[in-house]
Amino acid sequence: MEMSKVLVVGGTGYVGRRIVKASLALGHPTYVLQRPEIGLDIEKLQMLLSFKKQGAHLVEGSFSDFQSLVRAVKLVDVVICTMSGVHFRSHNILLQLKLAQAIKEAGNIKRFLPSEFGLDPARMGHALEPGRVTFDEKMVVRKAIQDAKIPFTYVCGAAFGGYFAGNLSQMGTVLPPREKVLIYGDGNSKVTLMDEDDIATYTIKTIDDPRTLNKTLYLRPSENVLSQKQLVEMWENLLGKKLEKITISKQDFLASMKGMDYAGQVGVGHFYHIFYEGDLTNFEIEGEGVEEASKLYPEVKYTRMDEYLKLYA
């Protein structure tokens, strides 16, 4: 079967660069949107040029020039958007509405994967303010996709290893503690932790797979469903010592929002849902319209978190 041509929007970002790499590695003709808004960001330009060296095609397009988006979309079969939805970096979720309009006008796309990857927004109607904005806006994008009858796959259900595993899920740092660790509640809520490269591989695997058409693909490989306590224990085993554990109650954790800036408050809300309510894993993946990645693609040798943590030791 001929490999689908893929356009990655947001290809220089945290997830996007990995999507580009995975798309090339799996043999897809890969296009990356090059936006003139790059300005003087030489590192982004050099990353784009490195993609070109690896065989990707750079295609110019801007969200301020609708027809340029349509032209870019017409070059490919599949569009994957990885634009940031976290407030401490940049928050551009609703820009995808223009992309959905361009896909509708182009009329040739057989699959659109919008920017998702984390908590499933369809399950987050109970989310706390102000962090719920992320999920509300993703649902606005989903409604636009479905109203336009654009074929889709939603990939979600994991916490990124770089922000949740390597730091033992500590807020405000990406480095692991070596003396003291903050434990959320009883530390027993289960969390799906994923190497970001594996997220990208599973994402690319879906695009020519009829089993994932118009479905939500959850990332929940069994060996990476861990509690914070289990993660800390893995780190302690690598260090060869025990850390001092400081427990923070649900009430005290939520109270910590006071005095934080907006991005901090959003982050606290998301951590609360993951570590106190277990919203990544507190449901079964079953029924119509859902699949689980590691069951569909057992050939993917995903990174286990004990291996992931070795990089930090």
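Here the OG1 atom belonging to T303 is positioned 4.0 Å from the CG atom belonging to D195, to the nearest 0.5 angstrom. In this structure, I285 CD1 and T216 OG1 are separated by 10.5 Å, a value rounded to the nearest 0.5 Å. Note that the CG atom of D198 and the NZ atom of K205 stand 12.0 Å from one another [nearest 0.5 Å]. Distance check: E299 CD to S294 OG gives 10.5 Å after rounding to the nearest 0.5 Å. Between the CZ atom of R35 and the CG atom of D65 there is a distance of 12.5 Å, given to the nearest 0.5 Å. The line from OH of Y302 to CG of L219 is 11.5 Å long, rounded to the nearest 0.5 Å.
For R18 and Y14, the positive end sits near the middle of the six-membered ring, less than 6.0 Å away and at most 45° from its axis. The cationic group of R304 does not satisfy the cation-pi geometry with Y308, failing either the under 6.0 Å distance to the six-membered ring centre or the 45° limit from the ring axis. Geometrically, R123 engages F283 in a cation-pi contact, judged by NZ or CZ lying under 6.0 Å from the ring centre and within 45° of the ring axis.
Listed by chain and number, the residues in a side chain to side chain donor-acceptor pair (under 3.5 Å) with Q34 amount to none (sequence neighbours excluded).
Contact check for I246 versus V181: no side-chain heavy atoms found under the 4.5 Å cut-off.
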Yes or no on ring-ring contact (aromatic ring centres under 6.0 Å, His included) for F275 and F253, after CA distance, side-chain angles and deciding distance? CA-CA 11 Å; F275 291 103; F253 186 71; 8.4 Å; no
Should K258 and Q265 be marked as a side-chain hydrogen bond (donor to acceptor under 3.5 Å, both in side chains) after you check the CA-CA gap, both sets of side-chain angles, and the distance that decides it? CA-CA 8 Å; K258 291 175 184 173; Q265 291 180 29; over 6 Å; no
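For an aromatic pair to be called close, the ring centres must be under 6.0 Å apart, and H270 with F135 satisfies this. Taking the ring centroids of F117 and Y202, they lie at or beyond the 6.0 Å cut-off.
A salt bridge does not link R71 with E60: none of the charged nitrogens is closer than 4.0 Å to a carboxylate oxygen. A salt bridge does not link D120 with K138: none of the charged nitrogens is closer than 4.0 Å to a carboxylate oxygen. Taking the charged nitrogens against the carboxylate oxygens, E233 and K242 have no contact shorter than 4.0 Å, which rules out a salt bridge. Using a 4.0 Å cut-off between charged side-chain N and carboxylate O, E307 and K310 make a salt bridge. Ion pairing between a basic and an acidic side chain is recognised when a charged N comes within 4.0 Å of a carboxylate O; K110 and D77 show no such pairing. Under a 4.0 Å N-O distance rule, the pair E291/R220 does not qualify as a salt bridge. Ion pairing of E116 with R142 is present here, as a side-chain N (NZ or NE/NH1/NH2) and a carboxylate O approach within less than 4.0 Å.
Following chains of ILVMFWY side-chain contacts shorter than 4.5 Å, one can reach I199 starting from I274, so the two form part of one hydrophobic cluster. Residues M305 and L175 are members of separate hydrophobic clusters, defined by side-chain heavy-atom contacts under 4.5 angstrom among Ile, Leu, Val, Met, Phe, Trp and Tyr.
Counting all heavy atoms, side chain and backbone alike, L182 lies closest to Q170 at N-OE1, 2.9 Å. Across every non-hydrogen atom of I109 and V76, the tightest pair is CD1-O, 3.6 Å. Here the closest heavy-atom approach between residue L97 and residue V141 is recorded as CD2-CA, 4.0 Å.
N167 and T173 form no side-chain donor-acceptor contact under 3.5 Å, judged by distance and modelled atom types alone. In this structure, a donor-acceptor pair under 3.5 Å is absent between the side chains of Q96 and E137. The closest side-chain donor-acceptor pair between S189 and Q228, if any, does not fall under 3.5 angstrom.
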Distance-only check: which donor-acceptor pairs under 3.5 Å involve side-chain atoms of residues 149-162, not counting sequence neighbours?
residue: T153; atom: OG1; partner: R111; partner atom: NH1; Å: 2.7
residue: T153; atom: OG1; partner: T212; partner atom: O; Å: 2.8
residue: Y154; atom: OH; partner: Q146; partner atom: OE1; Å: 2.7

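For the side-chain contact (heavy atoms from CB on, under 4.5 Å) criterion with V9, the lone passing option out of V73, I80, V79 is V79.
Applying the side-chain hydrogen bond (donor to acceptor under 3.5 Å, both in side chains) test to every pair with at least one member in residues 274-290, sequence neighbours left out, gives these pairs: H126-E277, H126-D279, Y272-E277, H273-E277, H273-D279, D279-N282.
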